[in-house]
Amino acid sequence: MRIYNDLTRRKEELIPQQENHVTVYVCGPTVYDLFHLGNARPFVVYDTLRRYLLYKNVEVTYVQNFTDIDDKMINRAQALNITVKQLADEMIKEYYHDADNLNVMRADYHPRATETIPEIIEMISILEEKGYTYILHDGVYFDTSKFADYGKLSRRDLDDQEAGASERVELLDDKRNLSDFVLWKLKKEGEPAWESPWGEGRPGWHIECSAMSKKYLGDTIDIHAGGMDLMFPHHENEIAQSEAANGKPFVNYWMHNGFINVDNVKMAKSGGNFFLVRELAGEYGYDVLRFFILQAHYRMPLNFEEEPLMAATHGWQRILRSVENIEFLIANANPEFDQTQSAELSDYIITTIKEFERAMDDDLNTPDAFAAIFNLVRHVNIVSTDYALSADSLEKARNCIVELCAVLGLDAEKKAEAEIPADILEQVKLRDQAKAERDFVTADRIRDELNALGYKIEDTPQGPKVSREVEN
RNA sequence: GGCACCAUAGCCAAGUGGUAAGGCAGGGGUCUGCAAAACCCUUAUUCUCCAGUUCAAAUCUGGAUGGUGCCUCCA
């Protein structure tokens, strides 16, 4: 599999340090509020990467942190008159609610910054011993000028940055360099704090990821992922800290996803132009949101709009209906089937899987992966209307669609699993009798009644097909 | 001021040297008692524009235009 590595700005073959075992660290949410669609993109995208690696029988150790202590946490907790810990516990619960429904697998480790304090302090101490830090009145700082490779990920030249930015960015305070950042913030009145060699305080933002990554995955990890906006300064700073402290490369492959925009402007809490996943799910359903995210390539900007959301709704329905239709055909399969066409369908399935894997192997090209699935859907629809297919080949087609969707974290069986109650089936039978007697008034009345109850009847060459409309 | 990214049909979106995937929407049709689903036809001689390289460019190079992001919390 090739992935685009932001460190080299090229697609590279993914070669993990340990054969057949990939370590992944994804920057998780700051748990001060429900997350919005833009926040959801990395969760869904890197979950899909994980699922695909698992599908390829590659072992994955996956870490996604919770940032549960920072200014936003403190401010929100104060506003709600609860402790920071209470806020974090509550919001982590809410995170799981949305993430589980988006079918984002739980990470192998979901560390919290506040539960990694000893490791953070240890790392700062090492940096201090090695001479990378200095102390100001409000905390311990990292001196970026001491780290020769600073800027290698985001390709920034510190002097140029400072020259132009000084017009609009506040002055350096007492920092030695504009890009220097705080490792340990000394306690201010009313803030949660932990003991440390530098006095009571709390970790700066960047150090937590370095410490948690090291704690669970070691000095050098295979993949570190997050949103584009984290590339600088967050990930740049992580590299500086980790490599300065560990003396080893921090990350082999950096992956960054593009933003979700609203009217072509980045969706952000601070911009006020955000849509919570919780709210959107009520309108479109979690599956559709996941489908929507994955129908664009993860590095491209994705504009949030009504029409594409509806397109995602209908596109996903097309797949669900196809699975449902195939299952109906299997249940009513004719023992006298067309051998040539059945064999040909089996071949087409193999082609589909190849196309799907080719797409996914190419830097997680999920739009192309969907195209492969849709091609199979159309193919099955075409041959199954003209020929009787073997139950075996139909089953393979059904399983192929379901399995490939599952790799993308989408459950295409959900709808089909809904049981139809006996009394509904009884009504369907009555309608069929009325139809046979050409009593279409009665037949249509029954159909309308069942529609009102949420059941859909479709007449097919194999007889009436009844299905339940699935709510989101 | 610096550093990046994006520009493909009505909409969304792949494709990065070999003659424009896929989804949605629209129009027409087949099937149906009527529907639904499905299928067929139709929708970009062309990929923001201008030059250049090449037998060949949406794809490479240079330039222009428009839009966005980061440099401050940020997925």
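Chain letters run A, B, ... following the sequence lines, proteins first, then strands; residues in each count from 1. FYI, side chains are in, hydrogens and waters are out, and symmetry mates aren't considered; it's all heavy atoms of this structure.
- Of all nucleotides listed (C73(B), A75(B), G15(B)), C73(B) comes nearest to the side chain of Ser270(A).
- Between His256(A) and His235(A), the side chains place a donor N or O and an acceptor N or O closer than 3.5 Å (distance only, hydrogens not considered).
- The residue Asn375(A) sits close only to the backbone: its heavy atoms come under 4.0 Å of sugar-phosphate atoms, none of a base.
- Under the 30°/60° scheme for interplanar angles, the aromatic rings of His206(A) and His234(A) are found to be tilted.
- In this pair, Phe440(A) lays its aromatic ring flat on the base of G33(B), centres within 5.5 Å and planes under 30 degrees apart.
- Side chain to side chain, Asp68(A) and Tyr32(A) fail the donor-acceptor criterion of an N or O pair below 3.5 Å.
- Base contact: Gly258(A) has a heavy atom under 4.0 Å from a base atom.
- Under the 6.0 Å distance and 45° angle rule, Arg50(A) counts as a cation-pi partner of Tyr62(A).
- Taking atom CD on Glu238(A) and atom C1' on A75(B), their separation rounds to 13 Å, with Å as the unit.
- If you take atom C1' in C41(B) and the same atom in A75(B), they sit 44 Å apart, rounded to whole Å.
- Looking only at side-chain heavy atoms (C-beta outward), Val428(A) and Ile420(A) stay at 4.5 Å or farther from each other.
- Between Asp229(A) atom CG and C71(B) atom P there is a gap of 8 Å when expressed in whole angstrom units.
- The distance from atom CZ of Arg156(A) to atom C1' of G2(B) is 8 Å, rounded to the nearest whole Å.
- Val45(A) comes within 4.0 angstrom of nothing in the nucleic acid, heavy atoms only.
- Asn381(A) comes within 4.0 angstrom of sugar-phosphate atoms only, judged by non-hydrogen atoms across all strands, and of no base.
- Arg447(A) has its side chain within reach of Arg431(A): a pair of non-hydrogen atoms, C-beta onward, lies under 4.5 Å apart.
- U53(B) sits 28 Å from G15(B) when the P atoms are compared, rounded to a whole Å.
- Annotation: proximity of residues 351-358 of chain A to RNA chain B (heavy atom, distance under 4.0 Å) is found for no residue.
- Taking atom P in both A9(B) and U46(B), one finds a spacing of 13 Å when rounded to whole Å.
- A heavy-atom distance below 4.0 Å to RNA chain B is reached by these residues of residues 300-309 of chain A, ordered by number: Met300(A), Pro301(A), Glu305(A), Glu307(A), Pro308(A).
- Between His314(A) and Phe291(A), the ring centre distance reaches or exceeds 6.0 Å.
- The closest side-chain donor-acceptor pair between Ser145(A) and Asp143(A) falls under 3.5 angstrom.
- Inspection of the Asn375(A) and Arg378(A) side chains reveals an N or O donor paired with an N or O acceptor under 3.5 Å.
- For U61(B), the paired base is A51(B) (Watson-Crick or G-U wobble, both distances below 3.5 Å).
- What separates CG of Asn264(A) from C1' of G69(B) is a distance of 12 Å, to the nearest Å.
- Using P as the reference atom, A36(B) and A25(B) are 13 Å apart when rounded to the nearest Å.
- Within the 4.0 angstrom heavy-atom criterion, no nucleotide atom of any strand lies near Ile373(A).
- Of the P atoms belonging to G17(B) and U59(B), the separation is 11 Å, rounded to the nearest Å.
- If Arg438(A) and Asn365(A) are placed on RNA chain B by their nearest nucleotide, the residue sitting closer to the 5' end is Asn365(A).
- Nearest heavy-atom pair across Asn273(A) and Met267(A) is O-CG, 3.4 Å.
- Nucleic acid contact for Ala296(A): sugar-phosphate only, since backbone atoms but no base atoms lie under 4.0 Å from a heavy atom of the residue.
- No engagement by Asn261(A) is indicated, since no non-hydrogen atom pair under 4.0 Å with the nucleic acid exists.
- Taking the ring axis of Phe232(A) as reference, the NZ or CZ atom of Arg156(A) stays within 45° of it and closer than 6.0 Å to the ring centre.
- Among the protein residues, Phe374(A) comes within range of the sugar-phosphate backbone only, with heavy atoms under 4.0 Å from sugar or phosphate atoms but none that close to a base.
- Between the CZ atom of Arg318(A) and the P atom of G22(B) there is a distance of 10 Å, given to the nearest Å.
- You'll find that the side chain of Arg321(A) is closest to A38(B), out of A4(B), G69(B), A38(B).
- Note: CG (Asn273(A)) to C1' (U68(B)) measures 13 Å, nearest angstrom.
- Using a 4.0 Å heavy-atom cutoff across all strands shown, Gly226(A) reaches sugar-phosphate atoms only and no base atom.
- Straight-line distance between the P atoms of C50(B) and G22(B): roughly 29 Å, to the nearest whole Å.
- Using Watson-Crick or G-U wobble geometry with both donor-acceptor distances under 3.5 Å, C5(B) finds its partner in G67(B).
- Under the Watson-Crick or G-U wobble criterion, with both distances below 3.5 Å, C31(B) is left unpaired in every strand shown.
- The phosphate of C39(B) (OP1 or OP2) has no side-chain N or O of Arg378(A) nearer than 4.0 angstrom.
- Ranked by how close their nearest RNA chain B nucleotide is to the 5' end, Arg9(A) and Leu230(A) are led by Arg9(A).
- Side-chain nitrogen and oxygen atoms of Lys266(A) include at least one within less than 4.0 Å of the OP1 or OP2 phosphate oxygen of C70(B).
- In this structure, U19(B) makes no Watson-Crick or G-U wobble pair, since no nucleotide meets both defining distances under 3.5 angstrom.
- Taking atom OH of residue Tyr298(A) and atom C1' of nucleotide A14(B), one finds them 15 Å apart after rounding to whole Å.
- Nucleic acid contact for Asn39(A): base, since at least one base atom lies under 4.0 Å from a heavy atom of the residue.
- Contact between the side-chain N/O atoms of His314(A) and the OP1/OP2 oxygens of A25(B) is found at a separation under 4.0 Å.
- Using a 4.0 Å heavy-atom distance criterion, Lys435(A) is classed as a base contact.
- Separation of the C1' atoms belonging to A57(B) and G18(B) is 10 Å when rounded to the nearest angstrom.
- Across all strands shown, Asn257(A) has heavy atoms under 4.0 Å from base atoms, whether or not it also approaches the sugar-phosphate.
- In this structure, C24(B) and G10(B) make a Watson-Crick or G-U wobble pair, each of the two defining distances being under 3.5 angstrom.
- Lys72(A) comes within 4.0 angstrom of the backbone, heavy atoms only, and of no base.
- Across all strands shown, His297(A) has heavy atoms under 4.0 Å from sugar-phosphate atoms exclusively, and none from any base.
- As rounded to the nearest Å, A58(B) and A20(B) have P atoms that lie 9 Å from one another.
- Using bins of under 30°, 30° to 60° and over 60° for the plane-to-plane angle, the ring pair Phe374(A)/Phe370(A) lands in the tilted bin.
- By the 6.0 Å and 45° rule, Lys11(A) does not stack over the aromatic ring of Tyr4(A).
- Below the 3.5 angstrom threshold, one finds a donor paired with an acceptor across the side chain of Asp459(A) and the base of C34(B).
- With hydrogens and angles left out, the side-chain atoms of Thr313(A) and Gln317(A) include no donor and acceptor closer than 3.5 Å.
- Judged by distance alone, with hydrogens and angles left aside, Arg447(A) brings a side-chain donor or acceptor within reach of the base of C34(B), the pair sitting under 3.5 Å.
- Applying the 3.5 Å distance criterion, the base of G33(B) shares a donor-acceptor pair with the side chain of Asp444(A).
- Partner assigned to A56(B) is none, using Watson-Crick or G-U wobble distances below 3.5 angstrom.
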